[in-house]
Number of protein chains: 4
Amino acid sequence: MVRISKDPDERKSEIIETAYNLFMTNGFEETAVSDIVKAIGVAQGTFYYYFKSKEEILDAVINRIINEILGKIDDVIKDPAMNAIQKFITTIDVLLKYAIGTESLANYVHMEKNAQMHQRFAGCITSHLVPEFAQIIEQGNREGLFNTSYPEETAHFVLFGLSALHDELSKLIYDDQEQRKKLLALDEIITRCLGAKKGSLKFLDLGGKPDE
Amino acid sequence: MVRISKDPDERKSEIIETAYNLFMTNGFEETAVSDIVKAIGVAQGTFYYYFKSKEEILDAVINRIINEILGKIDDVIKDPAMNAIQKFITTIDVLLKYAIGTESLANYVHMEKNAQMHQRFAGCITSHLVPEFAQIIEQGNREGLFNTSYPEETAHFVLFGLSALHDELSKLIYDDQEQRKKLLALDEIITRCLGAKKGSLKFLDLGGKPDE
Amino acid sequence: MVRISKDPDERKSEIIETAYNLFMTNGFEETAVSDIVKAIGVAQGTFYYYFKSKEEILDAVINRIINEILGKIDDVIKDPAMNAIQKFITTIDVLLKYAIGTESLANYVHMEKNAQMHQRFAGCITSHLVPEFAQIIEQGNREGLFNTSYPEETAHFVLFGLSALHDELSKLIYDDQEQRKKLLALDEIITRCLGAKKGSLKFLDLGGKPDE
Amino acid sequence: MVRISKDPDERKSEIIETAYNLFMTNGFEETAVSDIVKAIGVAQGTFYYYFKSKEEILDAVINRIINEILGKIDDVIKDPAMNAIQKFITTIDVLLKYAIGTESLANYVHMEKNAQMHQRFAGCITSHLVPEFAQIIEQGNREGLFNTSYPEETAHFVLFGLSALHDELSKLIYDDQEQRKKLLALDEIITRCLGAKKGSLKFLDLGGKPDE
DNA sequence: CATGAATGAGTATTCATTCAT
DNA sequence: TATGAATGAATACTCATTCAT
């Protein structure tokens, strides 16, 4: 086969991108290294030139996603013009949009096959997202919008509750009535968790289509 | 090798038990069928005499656990002498004790390898436990102890929040101070979610050692 | 399970019968001993009480069939009232009816899986049927109806040619026009092989439905 | 183990060759993939680098043989210098020589184990050889050497009769007297089938040693 | 005569990884 | 940088057969 040399960074990116797509479509365990290289059109050895193992590319893929999300969320958090409620809602919006954009439909079929990836993902979420969330909650406390004694724990709790919600929302993707109910429930529950004023948090218009 | 015949039920139980332990210790995918039979001291064929496939024993293992938990929780729910708060706390107690008893330590090392099992587990939890939890919450509403407009969603949310908590608690198993803080946080968060009276829910003495 | 004792011969017959059906439907290799016992409703061990091995029951099954056919053909051969042509045609009729009755349709799907059985069958045909056929041809020579210098070889040749024909006929089971042509071809070919008078052999009305 | 890279085509051929020999000696079903690779001295994976499954190599083996035979026969058929009788005899010569060269002795022991392969083989023979044979017969008709109303059916019939003969000839490999008789019988039978002039077809010097 | 639990050798197949070129 | 042939360990599953009861 013709040998096509590329800029190393570009090639590495290409591999990560391709792996990401395959992992999402077919699951991590179900994706063979040979699938990845075949999809790109390079040799088996090329993969191992850039990554020491299959594990390593899983890391690379996950890091890329996390960083993407974190980048967006950081922008929100650093925005001096937003109050805590706005930040909170926007952040959740980012999360849901991202999640719906990437995980919906197709991979529910493969969810079981994707367990390992999900788990790894969940770990990253916890370690990276919880602290950022906690910051927002603390800001809310200072602004008198929220009233929670345990910002970090609440952040953690809400984040996991949200993941449950997200799963449910995904399943109900075609049932607007039920979706609406879930979102209203979320309003109530989260408002209470955060000690916010009744009616100050509205999720109804969230979780819409990802704005790609 | 000497042939030791056993009562089929006994043998089946023995296999499930052994598989359970190995799955917990080394993870499902990392456990070969040959590991299971070797641990018992029977032939490979014996396994397949009782289970059609490796998948089937995963089901068996999970069902056994779920049923054990559900059995205990059902007793609580049906108890006419308990009010909703008592039921709620007792149920969570059952869950945490169970979880701590079975999952602590060892398998955190292997958690990633156990992802598939966890996922399957989570599915069962959702479908079986959420409705029971919702019943308790509804009872609490009727009794004036809780005040939630969305019992089912709240049950779901709280259950997943709890799983986050549980993970954290497990990691902190030797740090009483931090554990205490988590449990107090839980008091506040859940009390608010349920719309219960402040101070009516106390988790502090929960999550103790499993009473096996 | 309740133990049902039967007359040994009856039980043996039952096993052979069942095995025969399963072999025909699913092929010999594809039929497990456990399939046979399950179909009857007896224990695994029972099978080995009557047959030493799986090979042994293949023998039993084939012998039963061969004997059935040979019985019918013997009657024809011994019939003093028939001339060689009548015997010849009747014999082929028996064969084709038998073959069509037992092998048609279903097992063409499984033919490849049935190869071993077919082969064994072919061997029996050769050793048992060829001599009988040769006898008929010799009688025909004596009667001046046939004229062949090598009765045995001709018998052999014709028998195998017939098997080819039979395969083709089976495939053409719904195409009368083509079937007719094949049968006319057979008339010509066999007439010539036997050195019979043109028009003295007619196969057209053969290969009809088996008279079960 | 030392890693010996080869030209892929060469390696593939090597595998097919080795598989062919093992199949012939021990039978297809009785030959494990591990036997093949062990015989070559490569790793298990190497086999699956070239063939998707064990089935696939059976195909490869059979195709190679068939093509070899067909190649030789095609040359004969296309030869404008031969009349139908010469072509007919030469073709049968090719078949018998080939068959005797490859199948004799060893595999009669294992014939039963080779059934599946034989069957597959027979199918190919029918679909590929019959039409070529029929062409020769038609040419013979045109040349006034043969006189058959049903060339295709006769081709089919004769081909199968021949296979019977071949089996017999193989068994009689050391008995010249009997072989001679079989071949004379064949002269008569086939001459008649084809409607050829008496004495125009001679098989006696056929079926000799293969000229490898 | 019959049971049915237990045996265990046998095998196709996958795939992450290596390495000579 | 890149190739792609080669590696080989690892594993789920089948099934004819045995044997204690």
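In what follows, every chain begins at residue 1, and chains take the letters A, B, ... in the order their sequences are listed.
Within the 4.0 Å cut-off from OP1 or OP2 of E/dT18, not a single side-chain nitrogen or oxygen of D/Arg3 is found. Side-chain nitrogen and oxygen atoms of B/Tyr48 include at least one within less than 4.0 Å of the OP1 or OP2 phosphate oxygen of F/dC13. Between A/Tyr50 and the phosphate of F/dA2, there is a side-chain N or O to OP1/OP2 separation shorter than 4.0 Å.
Rounded to an integer number of Å, the gap from CZ of D/Phe28 to C1' of E/dA12 is 11 Å. Computed from coordinates, the D/Lys54 NZ to E/dT11 C1' distance equals 8 Å when rounded to whole Å. Rounding to whole angstrom units, CG of residue D/Leu58 and P of E/dA12 are separated by 13 Å. Counting to the nearest Å, the P atom of E/dT11 and the NZ atom of D/Lys38 are 9 Å from each other. The distance between atom CD of A/Gln44 and atom C1' of F/dT7, rounded to the nearest whole Å, is 12 Å. Between the CD1 atom of D/Ile57 and the P atom of E/dT11 there is a distance of 16 Å, rounded to whole Å. For the pair B/Lys12 NZ and E/dG4 C1', the computed distance is 15 Å after rounding to whole Å. Atom CD of B/Glu14 and atom C1' of E/dA6 are 13 Å apart (whole Å).
Summary of the strand contacts: C/Gly45 and C/Val33 both lie near DNA chain F, and taking for each the nucleotide with the nearest heavy atom, the more 5' one is attributed to C/Val33. Residue whose closest nucleotide on DNA chain E sits further toward the 5' end, between D/Phe47 and C/Tyr49: C/Tyr49. Nearest-nucleotide positions on DNA chain F for D/Gly41 and C/Ser34 put D/Gly41 closer to the 5' end. DNA chain E is contacted by both B/Asp7 and D/Thr46; B/Asp7 maps to the nucleotide lying nearer its 5′ end (nearest heavy atom per residue).
Stacking of D/Lys54 on the aromatic ring of D/Phe47 is not recorded, the 6.0 Å distance cut-off and the 45° axial limit not both being met. Stacking of A/Lys12 on the aromatic ring of A/Phe51 is recorded, both the 6.0 Å distance cut-off and the 45° axial limit being met.
When both distances must be under 3.5 Å, the Watson-Crick or G-U wobble mate of F/dA6 is E/dT17.
Taking all atoms of both residues into account, the shortest heavy-atom contact from D/Thr46 to D/Ile15 is O-CD1, 4.5 Å.
A donor atom on one side chain and an acceptor atom on the other are found under 3.5 Å apart for A/Ser13 and A/Arg64.
For D/Ala43, the listed nucleotide lying nearest its side chain is F/dG8; candidates were F/dG8, F/dC15, F/dT3. Closest to the side chain of B/Ala32, from the set F/dT11, F/dT17, E/dT3, is F/dT11. Each of F/dA16, E/dG8, E/dA2 was ranked by its minimum atom distance to the side chain of C/Arg11; first place goes to E/dA2.
Not a single donor-acceptor pair under 3.5 Å links the side chain of C/Lys38 to the backbone N or O of C/Gln44.
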